[in-house]
Amino acid sequence: MRTHRRRTRNLVTFLALVVLLGSSNVRATSLVVPAPADVVLLAAGDIASCSSSGDEATAALLDARPAAVVATLGDNAYPSGTAAEFADCYGPTWGRSRRRTRPTAGNHDYAIAGAAGYFGYFAGAAGDPSRGYYSYDLGAWHVVALNSNCSVVSCAREGPQERWLRADLAAHTNRCTLAYWHHPRFSSGTTHGSTVAVAPLWKALFENDADLVLQAHEHNYERFGPLDPSGSIDSARGMRSFVVGTGGRSHYPLGTPITGSRARNGDTFGVLRLKLTAQGFTWAFIAEAGGTFADSGSARCH
């Protein structure tokens, strides 16, 4: 009887509230949840060497944009990624932005066992040292930082990293997804070129409707149109990708453009500036002081 009365009382209260909100004398308001703010990400790889001044030029670009998040695309400290090279070469330049940096490791970072200098320098920001891949949200976007040193951390289908990637993507419902790592799946460069070993990671991202991929390894800049896992243009579901190996170490030449290549440069240091919004992104290559190469545009998320 007591339970019945309580339910009856709750029902009466609910009906009274409905009538009240429906009255011409009362205005009902809905909860407004603000959209995530737009954010800026600055990215480049192949960065610091004590024998080059290129990293000093690109570090100045980071300094001029102190509110941006910084992503490194591997090969952070040359030639071997030792603790001393991080302290003496990376630290005085890009290291000024370490607190806002979300890094990935390149092959030069693994020149010493376990990329100990890299993981020691970036500490927890680089993820678990046994894996070197992790994810985070940035504004409205979900961001995945992967490890493309496939001889050290497997990139194979059904391998630990690929399974983790699929599970991570399935667990996040963000409309827009960005991934970055070191070795480019597709490149017109003649020093390293395209990297087949990372194809399972690209396929997993494509099948989960990711939008954008950043890479380096080739010391040049190249932008691709939306590509499917085979490297063919797919305007509906393809992922746009950028090779941004322009962090300061040196320059590599570009060969004949492969399918989907839209813009290229092999003689300018700089960083890629991405403005990430709730609906898509804009990009702009920001050249070092005195540089004249530019590339910019925008795209919507899938």
Side-chain donor-acceptor distances from residues 207-215 under 3.5 Å, at least two apart:
residue: Glu207; atom: OE1; partner: Arg166; partner atom: NH1; Å: 3.0
residue: Glu207; atom: OE1; partner: Arg166; partner atom: NH2; Å: 2.9
residue: Glu207; atom: OE2; partner: Lys203; partner atom: NZ; Å: 2.3
residue: Asn208; atom: ND2; partner: Ala204; partner atom: O; Å: 2.8
residue: Asp209; atom: OD1; partner: Arg237; partner atom: NE; Å: 3.3
residue: Asp209; atom: OD1; partner: Arg237; partner atom: NH2; Å: 3.4
residue: Asp211; atom: OD1; partner: His302; partner atom: N; Å: 2.7
residue: Asp211; atom: OD1; partner: His302; partner atom: ND1; Å: 3.2
residue: Asp211; atom: OD2; partner: Thr177; partner atom: N; Å: 2.9
residue: Gln215; atom: OE1; partner: Arg185; partner atom: N; Å: 2.8
residue: Gln215; atom: NE2; partner: Phe242; partner atom: O; Å: 3.3

Return all side-chain donor-acceptor pairs below 3.5 angstrom for residues 108-116, not counting sequence neighbours, or 'none' if the list is empty.
residue: His108; atom: ND1; partner: Pro79; partner atom: O; Å: 2.7
residue: Asp109; atom: OD1; partner: Asn76; partner atom: N; Å: 3.2
residue: Asp109; atom: OD2; partner: Asp75; partner atom: N; Å: 3.0
residue: Asp109; atom: OD2; partner: Asn76; partner atom: N; Å: 3.3
residue: Asp109; atom: OD2; partner: Asn76; partner atom: ND2; Å: 2.9
residue: Asp109; atom: OD2; partner: Gly106; partner atom: N; Å: 2.8
residue: Tyr110; atom: OH; partner: Asn147; partner atom: ND2; Å: 3.0

Scan the side chains in residues 284-292 for donor-acceptor partners under 3.5 Å anywhere in the protein, sequence neighbours excluded, and list what turns up.
residue: Glu288; atom: OE2; partner: Phe269; partner atom: N; Å: 3.0

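Within the 4.5 Å cutoff, the side chain of Gln161 has no heavy atoms near those of the Ser154 side chain. Ile258 has its side chain within reach of Phe224: a pair of non-hydrogen atoms, C-beta onward, lies under 4.5 Å apart. Counting heavy atoms from C-beta on, the side chains of Trp94 and Val70 come closer than 4.5 Å.
With values rounded to the nearest 0.5 angstrom, Phe206 atom CZ is found 4.5 Å from Asp234 atom CG. We find the CG-CG distance between Leu169 and Leu205 to be 5.5 Å, quoted to the nearest 0.5 Å.
No continuous path of ILVMFWY side-chain contacts below 4.5 Å connects Val198 to Val244, so the two sit in separate hydrophobic clusters.
A perpendicular orientation is assigned to the rings of Phe122 and Tyr90, their planes being inclined by more than 60° (bins at 30° and 60°). Below 30°, between 30° and 60°, or above 60°: for His183 and His217 the angle between ring planes is between 30° and 60°, a tilted geometry.
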Self-check item: Worked check of side-chain contact (heavy atoms from CB on, under 4.5 Å) between Trp141 and Asn174
Solution: CA-CA 6 Å; Trp141 286 62; Asn174 307 58; 5.6 Å; no
